[in-house]
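Taking it in order: structure first as structure tokens, then the write-up.
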Amino acid sequence: MDNDRSRLEVVHFVLVPLVAQGHMIPTIDLGRLLAQLGMQVTLITTPLNIIRYQLSVDRIRSSGLPMDFVPLPFPASEVGIPEGFENIDSWPFPFAIVDFFKALSMMAAPLEAYIREERKKKPGIPICLISDFSNPWTSEVSKNLGIPRYVFYSVCCFTLNLVKSFELDGGGDGNTVYVVPDLDERIEVPRPEPEIFLSGSEQEYVRSMIMDSDDTADGIIVNSVYELERMFVNRFSKMIGKKIWTVGPVSLCNEEKLDMAIRGSKSSSENDKIQHFLDSMNPKSVVYFSLGSLMQPSLVLLKEIGKGLEATGHPFIWVIRATGANLEAIEEWLKTNGLEERTRNRSLILRGWAPQLLILEHPSTGAFFTHCGWNSCLEGITTGVPLITWPCFVDQFSNESFIIDVVKIGVSIGVKEVIYSKEPDDVWVKSETIKTAVDRIFDGGDEGDDRRKRTAHLRDTAKIAFDAGGSSYQNLILFSKQVVMDHTVYTNKES
Ligand code: UDP
């Protein structure tokens, strides 16, 4: 393997992530992995996002890795978006997603100009684009420049299969469930709202652009593990007629605690407190509760979550995301309700953001209550922490099916509805549901034992795939070689 690596020709990879935490974070990880192979990497983003990830940017720059970050202006005002909103998570939910995507697509011309300059500076070095699947505007850039473009998905192939099958059969027969095709076992994915597959009228514009951009891509890179979902990787590759390289779990490039602590964060001020809290708890006893980087549950729902977590009797770390008036109401509730006081020795309530990898990696963490974003699912798998699933929107419902029905490493709380379609004051997940799920995950019986064994097995599988010689490591090398070959084809076409 190392011979393979030493014979690699240097490629200049230009990475264009979507400006959202669940996309930026894995793309930064992917960039680091390519840079560790000796590739030149430039990650394109907007000025405010460079500031947002400054800790990681500084650390990568000072490490001497051949990776850099280049800001291109975000034309917010041209589509009427207020200044300062350059990341999807800084928007109130639900947001004007189409305007946001329009502004992003206006970055095409500056990106093209940047790459033209780079080509002049580094003649002879193959250059290519790796674009997030949600940045379909990059296809025009690669076409104009005559360079290869690959699409990066931080979504599992199980979900990608469903999306494709759903598209091919025209949305199925209108039932409330969708049956996963071609499986021995019957697996149903709920279809509570159109958002589950990013269809629906408002989002149709974005969805069709994404489909077109996949069609013209030179290949697909996925933050997943071949051995984890072999059948779905192969099936998806066949369906779209393209090569797929699974290169995950990319989060494993964060080997040092400091990298885990600053991942996706502006500040590391709370990390010592979190570390100390976890160090003082029993092994595998802590419930980590997070609904990801976007969800902001209403106060009514938060009260149920708090009540449920308290009732479990387990220690817990609870991340609450809130902005504006909701934040004020939540702070007031926390101040007056006494939850923090009553659970003083066993709870940590974090506002806004948590160093997720640091928490999941810690031996005291015993369960992960997750919204089923794919990065979070994979991070749970990689750290061997069983999952309690509460999907909120888009691909999270099918990711939940993968976790519960396919690899069977979690307990579902049974939510079938998209979170932001509910009235803010609805109580539709009860505290008892939260408590029951936590009880089940820590269950000492056969069901719990089997689940823990499967979880540990998947953790080992993921680590082997990532390490030198494993399938993900090898795929990164094969991918880099393929880029050189594709680049030659493009160059010959041009001349
Ligand atoms: N994340 C984190 N701290 C938080 C919330 C999220 O570190 O408080 C990270 C998490 O580790 C993951 C990413 O942000 O890498 C979220 O991606 P995911 O696909 O799980 O969900 P999304 O937030 O995009 O819905």
Side-chain angles (χ1 to χ4, degrees), residues 17-30 32 49 52-53 55-56 87-91 93-95 97 132-134 152-156 158-160 195-196 198 222-224 248-254 257-271 274 288-297 316-323 348-362 365 368-383 385 387-400 402-403 410 418-420:
L18 180 71
V19 283
Q21 292 283 46
H23 299 245
M24 284 289 290
I25 291 174
T27 310
I28 293 174
D29 288 345
L30 174 68
R32 284 177 60 164
N49 279 295
R52 175 78 182 265
Y53 298 93
L55 293 174
S56 293
N87 192 301
I88 288 184
D89 80 342
S90 57
W91 279 54
F93 224 63
F95 47 78
I97 194 165
D132 191 284
F133 72 96
S134 305
F152 178 50
Y153 271 97
S154 45
V155 175
C156 62
F158 175 78
T159 290
L160 291 173
E195 286 94 322
I196 187 171
L198 202 68
V222 184
N223 181 20
S224 187
V250 294
S251 63
L252 281 176
C253 73
N254 299 280
K257 277 207 168 137
L258 182 58
D259 289 314
M260 294 183 199
I262 63 174
R263 192 167 175 257
S265 167
K266 258 189 277 205
S267 121
S268 54
S269 59
E270 291 220 272
N271 292 340
I274 295 165
Y288 167 55
F289 188 111
S290 166
L291 294 184
S293 65
L294 296 172
M295 291 322 307
Q296 300 198 19
F316 60 89
I317 296 181
W318 179 19
V319 199
I320 297 181
R321 255 183 67 71
T323 45
L348 202 52
I349 302 181
L350 305 174
R351 275 67 161 180
W353 190 255
Q356 181 155 305
L357 272 192
L358 198 74
I359 295 170
L360 289 174
E361 270 289 339
H362 198 284
T365 304
F368 178 16
F369 220 120
T370 174
H371 70 309
C372 301
W374 177 243
N375 295 294
S376 292
C377 292
L378 200 51
E379 288 159 19
I381 289 172
T382 312
T383 50
V385 179
L387 306 174
I388 304 173
T389 58
W390 177 349
C392 298
F393 68 113
V394 287
D395 62 323
Q396 295 156 19
F397 288 89
S398 50
N399 297 340
E400 178 190 54
F402 183 73
I403 295 297
V418 173
I419 198 164
Y420 59 75

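In listed order, ligands and their atoms are each counted from 1. This chain uses plain numbering: 1 for the first residue, then up along the sequence. Worth saying up front: this structure is predicted, and the values here are computed from it rather than measured. Every heavy atom of this structure was used, including side-chain atoms; hydrogens, water molecules and symmetry mates were not.
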* Could you grab the distance from atom CD1 of Ile320 to atom OG of Ser290, nearest 0.5 Å is fine? => 11.0 Å
* What part of Glu379 sits under 4.0 Å from ligand 1 if we count only heavy atoms: the side chain, the backbone, both or neither? -> side chain
* Asked: Atoms of ligand 1 less than 4.0 Å from Gly22 heavy atoms?
  -> 16 (C), 17 (O), 24 (O)
* Asked: Does ligand 1 have a heavy atom under 4.0 Å from the side chain of Trp374, from its backbone, from both, or from neither?
  -> backbone
* Pull out every atom of ligand 1 sitting under 4.0 Å from any heavy atom of Ser293, numbered as shown with elements. => 22 (P), 23 (O), 24 (O)
* **Sub-4.0 Å heavy-atom approach of Ile25 to ligand 1** => yes
* To do: Could you tell me whether Asn375 and ligand 1 have an N or O pair separated by under 3.5 Å?
  => yes
* Verify, without hydrogens or angle tests, whether Thr365 (side chain) and Ile359 (backbone) share a donor-acceptor contact under 3.5 angstrom. => yes
* Structure fact -> In this structure, CG of Leu348 is separated from CZ of Phe289 (nearest 0.5 Å) by 15.0 Å
* Provide, to 0.1 Å, the distance between atom 1 (N) of ligand 1 and the closest protein heavy atom, together with that atom's residue and name. => Trp353 CH2, 3.2 Å
* Asked: What are the atoms of ligand 1, with element, lying closer than 4.0 Å to any heavy atom of Ala354?
  -> 2 (C), 3 (N), 4 (C), 7 (O), 8 (O)
* Asked: Can you tell me how far the CD1 atom of Ile28 sits from the CZ atom of Arg263, to the nearest 0.5 Å?
  -> 9.0 Å
* Structure fact -> So the atoms of ligand 1 within less than 4.0 Å of a heavy atom of Arg263 turn out to be 11 (O), 15 (O)
* Structure fact -> Rounded to the nearest 0.5 Å, the OG atom of Ser265 sits from the CD atom of Gln21 at a distance of 8.5 Å
* **atom 20 (O) of ligand 1: nearest protein contact (heavy atom, Å)** => Ser376 OG, 2.5 Å
* Asked: Out of His23, Gln396, Gln21, His371, whose heavy atom sits nearest atom 22 (P) of ligand 1?
  -> His371
* Counting distance only, does the side-chain N/O of Gln396 pair as donor-acceptor with the main-chain N or O of Phe393 below 3.5 Å? -> yes
* To do: Any chance you could measure Glu400, atom CD, to Leu387, atom CG, to the nearest 0.5 Å?
  => 10.5 Å
* Could you pull out the closest heavy-atom pair between Phe368 and Val385, with the gap in Å? => N-CG1, 3.6 Å
